[in-house]
Amino acid sequence: MSSIIHGAGAATALSTFNPVDSKKLVSPSRTNLSVRSQRYIVAGSDASKKKKSFGSGLRVGHSQKLIANAAVATKEADTSASTGHELLLFEALQEGLEEEMDRDANVCVMGEDVGHYGGSYKVTKGLADKFGDLRVLDTPICENAFTGMGIGAAMTGLRPVIEGMNMGFLLLAFNQISNNCGMLHYTSGGQFTIPVVIRGPGGVGRQLGAEHSQRLESYFQSIPGIQMVACSTPYNAKGLMKAAIRSENPVILFEHVLLYNLKEKIPDEEYICNLEEAEMVRPGEHITILTYSRMRYHVMQAAKTLVNKGYDPEVIDIRSLKPFDLHTIGNSVKKTHRVLIVEECMRTGGIGASLTAAINENFHDYLDAPVVCLSSQDVPTPYAGTLEEWTVVQPAQIVTAVEQLCQ
Amino acid sequence: MSQNDQKRFDLSIDDASPYYNNNIPSLQIKIRFLFAKRDYSKANSRAPAMALSRLSSRSNTFLKPAITALHSPIRRHVSTDTSPITIETAVPFTSHLCESPSRSVETSSEEILAFFRDMARMRRMEIAADSLYKAKLIRGFCHLYDGQEALAVGMEAAITKKDAIITSYRDHCTFIGRGGKLVDAFSELMGRKTGCSHGKGGSMHFYKKDASFYGGHGIVGAQIPLGCGLAFAQKYNKDEAVTFTMYGDGAANQGQLFEALNIAALWDLPAILVCENNHYGMGTATWRSAKSPAYFKRGDYVPGLKVDGMDALAVKQACKFAKEHALKNGPIILEMDTYRYHGHSMSDPGSTYRTRDEISGVRQVRDPIERVRKLLLSHDIATEKELKDMEKEIRKEVDDAVAQAKESPVPDSSELFTNMYVKDCGVESFGADRKDLKVTLP
């Protein structure tokens, strides 16, 4: 099975679009080599026009055909293109996990209800039957202990994938993640590597309440020694899952509760995504919009409106939250000279705050306007639906911000 | 340091110290361990007389090796016989939910001599670390293990290098027990490049991967889930090895201990949890911090064993028993009744929460090295003079290691960014001015 590793950089191929099929929206085949300088107007699916945000939690709605996205370079044109298969994001994660468990006997999964129950978001469904109880471990409810156990097992060479049922629960394991996971490689002078993957859903869901709507990327971002990635599409979910498992460093993979039912066609052949790389979603000229995870969809929705108004935003899904892909981001800033960051983290001390600082420090001379960061409000997420809507960034706010920046 | 200062520090080790604090808390300090039963019947018929003579020459033992009155007229070589000797432990084992191991320990002259040497080396190392800390060559936190050496050597005698050990920050002697070199330890303590963690870890982060020594952890109790993870990996890989997860009486109150114990018992992991009960969690005595200070019973559904941790042979017997048990039946808790002479760390004089009498009392009655010395003498394995010579040699060895470590280089500034990520790839790692790129994206 050939393994395609999708490469780096801003000079990536743009998403292809077969003009004949413009009425019927199809995810492009990734194997076509594309022309760099052409720009494409990205149309959204009809279903999404009516809704503000995607899906409805765990219910599988009618299938969401996604905007052509994920422009990545391919090595060469493959004319015998397999068309790929369509699946939901949680199935993509499962596929990635299963492939890695098949490939390496050291990979094991531990978490609450990952085994017999199949995972609370079905990411580990069927794995316990296939691999047995020793490789897919149902733990009791003790995040501190089982995260620590995963890290201890990793010190000997196992590659555990630790699932937090909700990212917020991993706060109980903060000590283990910060001191042991992040720092052991350094404090032991390189003797031990900790190849763990810590994953779980986070983010603001559908009225889940304050404690179940947390965004931990801001809390973990200063821990030295870990890598953080956030997936947003089935394609990059599978790719990042595989890359994270193969990585020798501890990786925290942030998934989002509302994105589990996104459907997309992904290639049949094996591929992994680069952990430190950002994804060019939509190339443009006027402004760079940096985003990740669920906010990507809000941004793309706003992008439609913006395009109708005559703006040409460049949308980059940063994917790698630690370290930032300053190469891609930098090239984009050098092109457009304006930056808008849209994130779901809190305003204070969030990913956007760090990214603003990084861009200001490194690309100050290229900026025509101050970096604007749209983040969630610094409040615990309320239960009431209307209030909850206003804690996160909405497409209308993005449109307003772009208009103000581009004056 | 002036001659007078040196003398003062030497004296402080001997407990006749100007640091003695008269403010003993009005609450009675329970010193029941002072009255541990000593069984002199079999092994040490000459012991009481020797103990008395030992008391008077106590202060001379390590500091001014003197020729005692007891040298043998016939020059005899130290016996390194490996033929088995059976010795009874002084204190019986107490067990919870399991059978106690037998009190008769199989050992040999060679082994007892090795105990003596290793413990003397560890003791000397800790005392040297004490002086280095006061000379400000070791900074930060320095937690010394003197008094508890029997644990480290007893455990090593019962296990192989495939069995894993993980412990807390009081890890200097465990590192040496696992085969670590003195010079590596001192270099790491002084923050030099040649240290076991290349100077990046410090006192609390000694590791030795090839000997399955997993550290060295600063946060109290955080090593317990790690230890159960090591046991899990051993079970996963079918290693037929066990993990000794060591923690103290203070850490025994951590929730993560019970969480990890639950998982270990549920999954039958070969984990042996060793509680080094030195009766004080920093400044808080066990009776003030634990409602149930019977730490070996706290496992509830997990069997436990209480061991006299100052007796290297008892420790050896218990660890052997525990290893067999863990490989068959899952986790077991060992509570080692031990004592530390120094305070919790170098910033703690160790006398505000306990009396000088208590410390010197334990030193006289239960010191692990003295116990082994008596064994060696009573079984005619070595003479007093030979032992003193051995101690002199060890002292020289430690001093040489200190001198060598003092000469070692400090790490380069480029080392600040190494070992952050494996292969340091895929990272852009900047220097302080954000312009000096260390590594770039591939």
Side-chain angles (χ1 to χ4, degrees), chain A residues 8-9 105-106 108 110 133-135 137 139-158 160 173 175-176 179-180 183-195 224-227 247-250 274-277 320 323-327 358 361-362, chain B residues 164 166 188 195-202 204-210 212 214-219 222-237 239 243 255-264 266-267 269 418-423 426-429 434 440-442:
Chain A
N106 283 326
C108 54
M110 48 177 83
D133 277 342
L134 197 60
R135 289 188 73 187
L137 298 144
T139 62
I141 306 176
C142 45
E143 281 76 11
N144 197 347
F146 71 72
T147 310
M149 279 187 64
I151 295 165
M155 282 167 94
T156 65
L158 285 194
N175 175 50
Q176 297 291 346
N179 289 329
N180 294 330
M183 299 193 194
L184 267 172
H185 185 60
Y186 190 86
T187 54
S188 67
Q191 284 178 69
F192 298 111
T193 60
I194 318 286
I226 56 161
Q227 284 190 257
S247 167
E248 294 293 326
N249 297 308
N274 194 332
L275 281 176
E276 297 93 9
E277 195 194 341
S320 170
F324 293 131
D325 181 2
L326 289 177
H327 186 237
E361 269 173 17
N362 289 299
Chain B
I166 188 169
E188 184 63 34
C196 50
S197 302
H198 306 303
K200 290 181 179 174
M204 298 189 280
H205 298 285
F206 281 18
Y207 303 93
K208 196 163 166 50
K209 186 170 187 178
D210 52 8
S212 305
Y214 290 88
H217 294 275
I219 304 293
Q223 75 274 14
I224 302 172
L226 289 184
C228 291
L230 297 172
F232 172 71
Q234 284 170 335
K235 181 172 176 148
Y236 193 97
N237 290 325
D239 276 348
T243 302
Q256 47 193 326
L257 164 62
F258 298 97
E259 292 179 11
L261 203 59
N262 180 35
I263 298 186
L266 203 56
W267 295 348
L269 301 181
T418 58
N419 298 132
M420 273 294 300
Y421 296 104
V422 178
K423 292 188 275 196
V427 171
E428 266 193 337
S429 193
R434 280 248 132 200
T440 47
L441 277 174

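None of these values were measured; they are calculated from a predicted model. Each chain gets a letter, A, B and so on, in the order its sequence line appears, and its residues count up from 1.
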For residues [X] and [Y], determine if any side-chain heavy atom of one lies less than 4.5 Å from a side-chain heavy atom of the other.
{"X": "B:D210", "Y": "B:K208", "answer": "yes"}
{"X": "A:P140", "Y": "B:I263", "answer": "yes"}
{"X": "B:H198", "Y": "A:Y186", "answer": "no"}

Heavy-atom contact with chain B under 4.5 Å, split by part of [X]:
{"X": "A:M110", "answer": "side chain"}
{"X": "A:A154", "answer": "neither"}
{"X": "A:Q176", "answer": "side chain"}
{"X": "A:L158", "answer": "side chain"}

- [ ] Measure the CG-CE distance between A:L137 and A:M149 for me, rounded to the nearest 0.5 Å.
- [x]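 A:L137 CG to A:M149 CE: 7.5 Å, rounded to 0.5 Å.
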
TODO: Without swapping roles, check the side chain of B:K209 against the backbone of A:S188 for a donor-acceptor pair under 3.5 Å.
DONE: no

With chain B as the partner, which of [options] has the greatest number of non-hydrogen pairs under 4.5 Å?
{"options": "A:S320, A:G150, A:G225", "value": "A:G225"}
{"options": "A:I194, A:T193, A:N180", "value": "A:N180"}
{"options": "A:I151, A:D133, A:N179, A:T156", "value": "A:T156"}
{"options": "A:T139, A:I226, A:L275", "value": "A:I226"}

Report which part of [X] has an atom under 4.5 Å of a heavy atom belonging to chain A: side chain, backbone, both, or neither.
{"X": "B:I219", "result": "side chain"}
{"X": "B:L257", "result": "neither"}
{"X": "B:L269", "result": "side chain"}

Task: B:Y236: partners by ring pair (Phe, Tyr, Trp, His ring centres under 6.0 Å), with sequence neighbours left out - done: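 Scan of B:Y236 (ring pair (Phe, Tyr, Trp, His ring centres under 6.0 Å), adjacent residues dropped) gives B:F232.
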
Task: B:F206: ring pair (Phe, Tyr, Trp, His ring centres under 6.0 Å) partners, not counting sequence neighbours - done: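 If we apply the ring pair (Phe, Tyr, Trp, His ring centres under 6.0 Å) test to B:F206, skipping adjacent residues, the hits are B:H172, B:F175.
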
Open item on the list: Does atom CD1 (A:I141) have a neighbourhood of more than 12 heavy atoms from anything else shown, all under 6.0 Å?
Closed with: no

